[in-house]
Amino acid sequence: MNYHFNDIEAKWQKYWAENKTFQAQNQSDKPKYYVLDMFPYPSGAGLHVGHPLGYIASDIYARYKRHKGFNVLHPQGYDSFGLPAEQYAIQTGQHPALTTETNIKTYRRQLDQIGFSFDWSREVRTSDPNYYKWTQWVFIQLFESWYNKDTNKAEAITKLISVFASEGNTNVNAACDDAIETFSAEDWNSYLTEQQEAILLKYRLTYLAETEVNWCPALGTVLANDEIVNGVSERGGHPVVRKKMTQWSMRISAYAERLLNGIDYNTDNLEWTESLKDIQRNWIGKSVGASVTFNVKMTSEMLKLVQHDETERHSELNSESNPYKIDVFTTRPDTIFGVSFMTLAPEHELVTKLTTETQKVEVEAYIKATAKRSERDRMADVKTISGVFTGAYAEHPFSKEPIPIWIGDYVLAGYGTGAVMSVPCGDQRDYDFAKHFNIAIPNIFDGVDISEEAFADKDKTVIVNSDFLNGLKYKKAVKTAIYELEKLGQGEGKTNYRLRDAVFSRQRYWGEPFPVYYVNGLPQMIDAKHLPITLPEVEKYLPTETGEPPLGNATVWAWDALKGELAKNKDIDNVNIHPLELNTMPGWAGSSQYFNRYMDPHNENEIFSKEAIDYWKQVDLYIGGSEHATGHLLYARFWQKFMFDMGLVPVDEFAKKLINQGMILGTSAFVYRMEGTNTFLSKSLIKNKDVQPIHADVSFVNASDELDIEAFKNWRTDFKNAEFITEEDGSFKVSREVEKMSKSKYNVVSPDNICAQYGADSLRLYEMFLGPLEQAKPWNTAGITGVHGFLKKLWKLYFGENGLTVTDAEPSKDNLKTLHKTIKKVEEDIENFSFNTSVSTFMIAVNELTAQKCTSKNILEPLLILLSPYAPHIAEELYSQLGHDKSISTAPFPEFDASHLVESSKNYPISFNGKMRFTLELPLDMSKEDIEAAVMAHDKTKEQLQGRQPKKVIVVPGKIVNIVG
RNA sequence: GCUCAAGUGGCGGAAUUGGUAGACGCGCUGGAUUCAAAAUCCAGUUCUUUCGAGAGUGUGGGUUCGAUUCCCACCUUGAGUACCA
């Protein structure tokens, strides 16, 4: 009987589906274990061999945990909202839901054929209204919450309202918009509802505000920072410009410190790799320093302006005590006496007010010029120093000396306060700016040469020329400076984060609609009992002619607040029937809580039941790509912390352990055509020839890099009559190069073909065998014959020509030794996610057992359980052939027994000066002295020493002997 | 620029606490089987070599009886981030 992998695999896939073998229960006597993959976006291209890598790894772990007696949850679903389906809809008119459905069918077929142990009864799709109902629900909860910095958690907005009503906002310590004016309880109670609503928006965890956003004209939508790569859109590489728009934002900045603390201190709940933690740390970008307030030296023109402003605001303060102030953030308050100018971002709101009559023309021209530059231009050109003097001066907080105020585009409006105190002796950019514009560069560092460049080494700093800071070192100087600034009321210690609030609106059709309608321009939440608010039908998926998002095309997209149902747009009366939000949510909305929904996916009354979340708690193992480090993985942590504050989840990190699988690269094949001809040269003939490299489809090339010339000729009409000059042996060789796997490089390999030709078990083994899980590595189909041959060899261990050969024979000592060293190694490897090395271990075991002619069931049955996580189909088949009528999937993992590995002797490596020269078999219970004597007496030792007397002999019993001299 | 990771045969990679470098597999070479091929099986395969042996894990140094492994400097590649004050 031969190994018919296609039949076997189909048989067991059917068995698992029919018997619901991998369906997880929400209660069990067994301990729980939750293994999760990042769910896929079902693209039209289907899977290539790179996609299942992480799924295979997580499947091995999930299956292993079942053997180890765990109640395993291993779900799968689809992140099915997204741009490609929408763009296809724009081109063809086909509803994105249909495209998505078709693509999901393909994905499901491809996933099923690989034999994953997913619990498909828990499948979620982000574009399913029954799912996105809960995405909308979380959004409402965020809207109804604010962040209390005193209790350090999110709290109900109703609580904030009652504080405002009883004591105003002076004692409220919230994560909120900057520049919120203080008000008393009387003020609050006298405000109109609209005024109150507008104020509350500045506190809510999701809020509507006019912000500078990244607008991508080509995609017709805004993008979050993590969706921009090198100044262009991640999808499609289109230019991005800064634009002010009213958009929903998520106040993730409120959680910046807790997101960092989770990385640095909550390591029990966040066993992520250091590199991934580094990426998030970097992205959050904490810097500790101080804010410093500089008073502007007022000119008579400015005073007029101030008085005008103040009268407008009905303020009783007089202008003398309220000049213009410039707040800056600095990480080096110790260098305050090194300030020789200030620089504002061109967009800074004070610029127009400060600029003097004489400088006006120059300043306005500069602002205009910088506004025109795109994000990318600005990034590409960081070398050019540009800026303009405003004509105004600020006053040094201590020396009271005048400090010229400049504007320059090296200062970013979006970071800190959009203004810096420039210390040219301690900051290279300030230094370059000062040199360029001939501004003074005072030195405040003791014994440091700053004639060529700035000096930024904190640790070696001793401050001079700095009044009360003279003679102090960095740390002390920082403390003292902050203390003195606080005394003056012109500064305080401050921490700044690079992390910005995340824009949450997208001008798209194929996304979650907001559960929001507008009354008098102010957003109102739809009551959760009316959810889901489902996507309306539209004629076209493009923006409207008036520039509104695609939902502006819908005719039934208004909200009847009285009846609590959708209404027609033409019936909008702004009394009972109001317009609905036209934006949709971004891609990461649906992926920020899906892992919890899997715990209780069919619950219609709650996002998940308390029992379910208390049972499963959090994901124990999460496997996915590191490209989500600053997107999904950060947003999901933020939502989880919010859900934790709400008391909805028991753990504030959603994924205990995270592993990033490396990318599988393609091995492209190149053929060479002589320039100007239709003649192709084999690889070794191209030296010194003028040739043009052309990608050949990798399916035309065999393991020895020989091209199937006929297949290549039939590929394209212009190759039809091509000439081929071969090697001497008649073969035509291609050259190989490792590149990213992509259609345009003709190096894409589909798992469908591999499964048909070698089987899913071979595919699974080979993907693991390629190399360490987390490492990027090239795919080369040729190598799969190795693992495929192994499976055939394994099969032969159980089946001969005349059927099953397994017996009840007592295992030999060697049999047991092979089995138990395999158990030990495989178990260690799985625990360490070192799957590549356990495949080698299996090969060694099968090679050894074959050589030993082992037929013993006591060896061959446990071997199947060891192998079952990796190659489940063949393991199930052989296990059933051994007489079992139940699936192997929960058979207990074999117990390692060290007694089978005990040796009585050791083959000692004998080294001379650390170099191994020969080995010597000696009993393990031999004493150090006897070992030394035996080695010294050996002929080869004498030969090595050639009469020399060794200086020293190192004997490590059980390990090595080293002779020095 | 800053942060992180990695450099081992023709190729993918192994060596888990400092102790026989190159496991396992691909490819290659030779052989068996076959009319032939595929498949299968056996042997060999880091480099140099005067066939005794010698060298060797990106480069240079250090610690050690002993270093792919630890330390220092440098080079290369990849990833993240980027006028972040």
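Side chains included, hydrogens not; waters and symmetry mates left out as well; all remaining heavy atoms used. Per chain, numbering begins at 1; letters A, B, ... match sequence-line order.
Listed nucleotides U20(B), G25(B), A85(B) differ in distance to Y415(A); the shortest reach to its side chain belongs to A85(B). Side-chain proximity of K906(A) to the nucleotides C65(B), U20(B), A85(B) is greatest for U20(B). The K777(A) side chain lies nearest to G12(B) when the options are U40(B), G80(B), G12(B). Side-chain atoms of M916(A) lie closest to U20(B) of the nucleotides G13(B), U20(B), C83(B). Minimum atom distance to the side chain of V956(A) is reached by G19(B), of the listed G19(B), C24(B), U20(B). Here the side chain of S275(A) is nearest to one of C84(B), C4(B), U20(B), namely C4(B).
Note on N496(A): nothing from the nucleic acid sits closer than 4.0 angstrom, heavy atoms only. Heavy atoms of K915(A) sit under 4.0 angstrom from at least one base atom. Using a 4.0 Å heavy-atom distance criterion, T785(A) is classed as a sugar-phosphate-only contact. When heavy atoms are screened at a 4.0 angstrom cut-off, D705(A) is found touching no nucleic acid atom at all. K494(A) comes within 4.0 angstrom of no nucleic acid atom, judged by non-hydrogen atoms across all strands. The residue R917(A) sits close only to the backbone: its heavy atoms come under 4.0 Å of sugar-phosphate atoms, none of a base.
For C28(B), the OP1/OP2 oxygens have a side-chain nitrogen or oxygen of S704(A) closer than 4.0 Å. Remark: T837(A) is not in phosphate contact with U16(B), judged by side-chain N or O atoms under 4.0 Å from OP1 or OP2. Residue R498(A) has a polar side-chain atom (N or O) positioned under 4.0 Å from OP1 or OP2 of A82(B). Proximity of R500(A) to the phosphate of C84(B): no side-chain N or O atom is located under 4.0 Å from OP1 or OP2. In this structure, Q775(A) reaches the G13(B) phosphate: one of its side-chain N or O atoms is under 4.0 Å from OP1 or OP2. The phosphate of A82(B) has neither OP1 nor OP2 within less than 4.0 Å of any side-chain N or O from N282(A).
In this entry the distance linking CG of D939(A) with P of G52(B) reads 17 Å, nearest Å. Atom CG in L920(A) sits roughly 13 Å away from atom C1' in U20(B) (whole-Å rounding). We find that NE2 of H788(A) is positioned 11 Å from P of A39(B), with the value rounded to whole Å. Note: CG (L412(A)) to P (U81(B)) measures 16 Å, nearest angstrom.
Between the side chains of S731(A) and E706(A), not a single donor N or O lies within less than 3.5 Å of an accepting N or O.
Along RNA chain B, the nucleotide closest to D427(A) and the one closest to L770(A) are compared, and the more 5′ of them pairs with L770(A). Comparing E828(A) and G418(A) by the nucleotide of RNA chain B whose heavy atom lies nearest to each, the residue mapping closer to the 5' end is E828(A).
Of the C1' atoms belonging to G27(B) and U77(B), the separation is 25 Å, rounded to the nearest Å.
Here the NZ atom belonging to K915(A) is positioned 11.5 Å from the CG atom belonging to N962(A), to the nearest 0.5 angstrom.
With a cut-off of 3.5 Å on both Watson-Crick or G-U wobble distances, the partner of A79(B) is given as U3(B). Shown here, C35(B) forms no base pair; nothing in the strands shown gives a Watson-Crick or G-U wobble contact with both key distances under 3.5 Å. Base pairing analysis places C70(B) opposite G62(B); the two distances defining the Watson-Crick or G-U wobble pair are each below 3.5 Å. C84(B) is unpaired under the Watson-Crick or G-U wobble criterion, no partner having all donor-acceptor distances under 3.5 Å. Here U17(B) sits opposite no nucleotide as a Watson-Crick or G-U wobble pair (both hydrogen-bonding atom distances under 3.5 Å). Pair check for C28(B) finds G44(B); Watson-Crick or G-U wobble, both atom distances under 3.5 Å.
For F341(A) and F433(A), the ring centers are positioned less than 6.0 Å apart. Taking the six-membered ring wherever Trp is involved, the centroid distance between the rings of F5(A) and Y758(A) does not fall below 6.0 Å.
For G52(B), the O4'-C1' to base torsion is within 90° of 0; the nucleotide is therefore syn.
For T330(A) (side chain) and R332(A) (main-chain N/O), a donor-acceptor pair under 3.5 Å exists by modelled atom type. Under the 3.5 Å distance criterion, the side-chain polar atoms of Q280(A) are matched with a main-chain donor or acceptor of A629(A). Between the side chain of N747(A) and the main chain of K740(A), a donor-acceptor pair closer than 3.5 Å is present.
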